Each structure stands twice: as structure tokens, then as C-alpha cells.
Peer 1: 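Take this structure first; my questions come after.
Throughout, protein chains are lettered first and strands after them, A, B, ... in sequence-line order, and every chain is numbered starting at 1. Values in this document were obtained by computation on a predicted structure and should not be read as measured data.
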There are 2 protein chains.
Amino acid sequence: MPRAGLSRDAVVALTVELLDADPHAPITLAAVASRAGVAVPSLYKHVRSLDELRDAVAVVGVTRLADAVADAVAGASGRAAFRAAGRAIRAEARAHPGLYLASQPAPGREASAELLAAGERAVALLAGVVRREGLLAAREVDAVRIARAAVHGFVLLEAAGGFGLPDDVDASFDRLLDVVWAGFAELG
Amino acid sequence: MPRAGLSRDAVVALTVELLDADPHAPITLAAVASRAGVAVPSLYKHVRSLDELRDAVAVVGVTRLADAVADAVAGASGRAAFRAAGRAIRAEARAHPGLYLASQPAPGREASAELLAAGERAVALLAGVVRREGLLAAREVDAVRIARAAVHGFVLLEAAGGFGLPDDVDASFDRLLDVVWAGFAELG
DNA sequence: GTCGTAAAGCTAATGGCATTAGCTTTACGA
DNA sequence: TCGTAAAGCTAATGCCATTAGCTTTACGAC
């Protein structure tokens, strides 16, 4: 019987596939092993624990998010760049909701250095996009926090089915971006 | 040996206590039963399943959130009411982070009628606070969505430890509220 | 080509958890 | 006083993660 030829990256990739196939299914070693055609304990040759696997999956998710933002923002600036970044995040989250949710730091779980680095890259990209004529440097941290919170909150509520009304959600999101961008003038 | 004298409400209340005692511990029937001084299967006399218990806990959380908003908003209007509502939500979430997190609809899980009703009440309170001179009625839904997303996103990021920098988080939150309120002028 | 070895895989066992079935006992009203 | 429904129990099942320790494959050194 030939060998499965797994590797840490392959295990993580398989997990991401499972998440794409069924975004609401919990991440489980049993499911990954079955998908890989391997017995469950064999996974421990590639991954230290379920938590470590979750962390690695989150790294993939955050990295993809950052890549999407970097692509979307290229060549734009000001309000256009801000909108592009916001839309890119939402688009990525909608295309891969399971991965997006799995990328959220489980409160109380400490993140790996790799995950922290990926998160910092994403935040740095946002920081570049949030600058605006007249924004005080001292308010940049606030602006990034506000942008993250608004976009993240919207995407999360949407993914959780939190918007009951049939009104156009795409339009609401664009207005969120406009409201926040305009409101940044407040930060003087 | 005397009886524990449980009831559905008592089980839910015990679960909320556990969540307050350790916000990051997962909700588990084993923990609840141990706290109640009862064998695990006995809980099934009061609760249909773990999922139902989670739902009931979420009802408590959302109701408390709505109560906090109602209290905070009483007698205020306009920007002051908006700020009070936002601050009340964040304060409640910080005082009971486990309960707040447990109140978020698990994506893919369908909510009970009771939970939906509690959520609608909370949203209705927000709708009352979001009105502003010159806000088109047609934009009210957008405004509520934006406010929910911004506040919820901020609180969630904060609870997850998402704000790495030491900068004053209280101040950032107040600025978030100001930015959103000012930005509402955008909605015409 | 042969062979040694490290990695990749396996089976078996353990312990936590939710859930179900079916029994016993308590409390309380007739 | 006693019958009954609810509250509790033990036992059993099945899923999951994790660990220990064994077997086998692939691959480089000779």
C-alpha cells in the first residue's frame, strides 16, 4: 500500500479544503484524517495538536486576507483605497466563510508567532489605507482600530446571519465604508 | 439525600455563573452538572440538549444587553443617546465577556424563537437611538447595521485581545462612536 | 544492488464528553 | 396513606483527541 505522502502543509491545506466544503463544520482531526486517507494518529506526525492545526489554518486565512487587501489597494489612494480594502476583506470572507471564521483569534488562546506576524502585516496594510489628509499621526491607531472593528463586525454579523431584513446588504456595507471614511474627519 | 431542586432556569443561571467565573472555558454539561451537584444525565430533565442550553444562555446575554441599553438611553437623545448606548454595550461585554461571546449566534446554528425575539428587541432599541436630524427613513436600516457592526466588531476584537498596542482603548472606542455618529451625515 | 535508519504510518488504549435507555426515589396532592 | 409524575441515578454507546509503542516504507550511504 502506497504512502499518503502527507506533510504539515498538506494537512493544513486539506483542512482549509474541508472548511471551504462545509464552512460550519467544526475542525476535527477525524475529518482531516478521513479526507487524507490516513488514520487519525498519523496526523500527529505532522501537527502537534488540534490547536496547532487551528493556528496554522488561521495563518492561511489571515495571509489570504492580507494578500487580498494588498492586491485591491495597489495603485489606489485615499477614499478609493479605503473602499477597495474594505470590499476586498468582505469579498474574501464571503468566498471562504469557514476560513474567515477559523481565522479569528479564539479568545483566551494564545497565538503563535507566525499568526501574530501575519496579523501585523494585515494591520499594517490597513494602516496605510487609513491615512487621510489632515489625520493626526496620533490618531492613526484609533483610525485603524475603527476601520478594523467596523469591517470585521459587519462581516461577522453577515456571516452569522445577523441581518434579518431583506434590504440590500451590499449597499449597507458600502455605506458603512462611506460613513467611516467621512467620519474620520472627526479625528482631526 | 436531599434533592438538588433544579429547574431549567436554575440550570441556565448556573451556566451563566460558570461563564462569569471563567469566560474562556467552553460550556459543557459536565461542568454544569458538577456545579449543580448532580450527575450529568440529570440535566436532561431540564434541558433538551447542549445546543438548547447554549441558546438559552444567549437569550440571557442578549436580554441583559438590551436592558443595559434601555437603561443607558433613558431620557437622552441624539448624539448623547447614541454614545450612551454604545458605551453600555461595551461595558456589559467587558463585565461579562463569557456571556457576551456566548450570546453571539453560532453561524450555521438556527436560533430559537425566544432568542430571535430578544435580538429584535435589542435591534429595535438601537434603531431608536440611531435616528438623527436629516436621516432618511430609507437609510435607517443601514444606520442600524453600521452601528451594530462597529460596536460589535470593536468589542469582539477587544475581547479577543486583538488590540496589541498599549494605546488607550477607552478613548479609541469613544472616537469610534464619534466617527460613526458624524459619518451618519453621509447617509443623507 | 544492499542495507540501515529515520520518518510515516499503523493498532491499541485512555480519558473526556454528549446522549440515550431504563431504573429508583422523592415530593406532593388526592 | 398511597399513587404518580418528576427528579434523580447508573450503565452503556459513540465520537473525539491524545499517547504509547509497533511496523513498514523510502531513500541515501556504501
Peer 1: Give the ring-plane orientation class for B:Phe82 versus B:Phe184, where under 30° counts as parallel, over 60° as perpendicular and anything between as tilted.
Peer 2: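 It falls in the perpendicular class, over 60°.
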Peer 1: Return the nearest nucleotide to the side chain of A:Tyr44; candidates are C:dC10, D:dT19, C:dT19.
Peer 2: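 Per side-chain heavy atoms of A:Tyr44, the pick is D:dT19.
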Peer 1: Assign B:Ala30 to base, sugar-phosphate, or nothing according to its heavy-atom contacts below 4.0 angstrom with the strands shown.
Peer 2: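 Sugar-phosphate, backbone atoms only, no base.
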Peer 1: In whole angstrom, give the distance that lies between atom CD1 of A:Ile27 and atom P of D:dT18.
Peer 2: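 Distance, rounded to whole Å: 13 Å.
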Peer 1: CG of B:Asp51 versus C1' of C:dC17: gap in Å, rounded?
Peer 2: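 The distance from CG of B:Asp51 to C1' of C:dC17 comes to 14 Å, rounded to the nearest Å.
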Peer 1: Would you say A:Ser42 places a side-chain N or O within less than 4.0 Å of OP1 or OP2 belonging to C:dA8?
Peer 2: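 The answer is no; no side-chain N or O of A:Ser42 sits under 4.0 Å from OP1 or OP2.
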Peer 1: What's the CD-P distance between A:Glu52 and D:dT18, to the nearest Å?
Peer 2: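 Roughly 10 Å, once rounded to whole Å.
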Peer 1: To the nearest Å, how far apart are B:Arg54 CZ and C:dT19 C1'?
Peer 2: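 So the two atoms are 14 Å apart, to the nearest Å.
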Peer 1: Nearest-Å distance, CG (B:Leu53) to C1' (C:dC17)?
Peer 2: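 Value for this atom pair: 14 Å.
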Peer 1: With B:Arg145 as the cation and A:Phe163 as the aromatic partner, state whether NZ or CZ is under 6.0 Å from the six-membered ring centre and within 45° of the axis.
Peer 2: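 Yes, cation above the ring, under 6.0 Å and within 45°.
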Peer 1: Mapping B:Leu29 and A:Gly37 onto DNA chain C by nearest heavy atom, which one lands closer to the 5' end?
Peer 2: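 In this pair, the answer is A:Gly37.
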Peer 1: Between C:dC10, D:dC9, C:dA18, which one does the side chain of B:Val38 approach most closely?
Peer 2: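 Closest nucleotide to the B:Val38 side chain: D:dC9.
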Peer 1: Tell me the interatomic distance from B:Leu43, atom CG, to D:dA6, atom P, rounded to whole angstroms.
Peer 2: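 It is 18 Å, rounded to the nearest whole Å.
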Peer 1: Counting side-chain heavy atoms from CB outward, which of D:dT19, C:dG9, D:dC9 is closest to A:Lys45?
Peer 2: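 Nearest listed nucleotide: C:dG9.
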Peer 1: Let's see if you can work this out: which of D:dA20, C:dT19, D:dA17 has an atom nearest to the side-chain heavy atoms of A:Pro41?
Peer 2: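 Nearest to the side chain of A:Pro41 among the choices is D:dA20.
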Peer 1: Using both distances under 3.5 Å as the test, list the Watson-Crick or G-U wobble partner of C:dT19, or none.
Peer 2: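 Base-paired to D:dA12.
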Peer 1: Are the charged groups of A:Asp55 and A:Arg109 less than 4.0 angstrom apart, N to O?
Peer 2: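 Salt bridge absent between A:Asp55 and A:Arg109.
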Peer 1: Pick base, sugar-phosphate or nothing for A:Val40, based on heavy-atom distances below 4.0 Å to the nucleic acid.
Peer 2: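 Base, at least one base atom sits under 4.0 Å.
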Peer 1: Contact class for B:Thr28 vs. all strands (heavy atom < 4.0 Å): base, sugar-phosphate, or nothing?
Peer 2: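 Since only primed, P, OP1 and OP2 atoms lie under 4.0 Å of B:Thr28, the category is sugar-phosphate.
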Peer 1: Applying a 3.5 Å limit to both distances, which nucleotide forms a Watson-Crick or G-U wobble pair with C:dC28?
Peer 2: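 Matched C:dC28 with D:dG3 under the 3.5 Å cut-off.
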Peer 1: To the nearest angstrom, how far is B:Leu50 atom CG from D:dC16 atom P?
Peer 2: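 Rounded to whole Å, this separation is 15 Å.
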Peer 1: Do B:Leu136 and B:Leu187 have side chains that get closer than 4.5 Å, going by heavy atoms?
Peer 2: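 Of all side-chain heavy-atom pairs linking B:Leu187 with B:Leu136, none is under 4.5 Å.
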Peer 1: Looking at C:dG9, I'd like to know if its phosphate oxygens (OP1 or OP2) sit under 4.0 Å from a side-chain N or O belonging to A:His46.
Peer 2: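 Yes, A:His46 has a side-chain N/O under 4.0 Å of OP1/OP2 on C:dG9.
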Peer 1: So, A:Arg132 and A:Glu140, do they make that salt bridge, N to O below 4.0 Å?
Peer 2: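 Answer for the salt bridge query: no.
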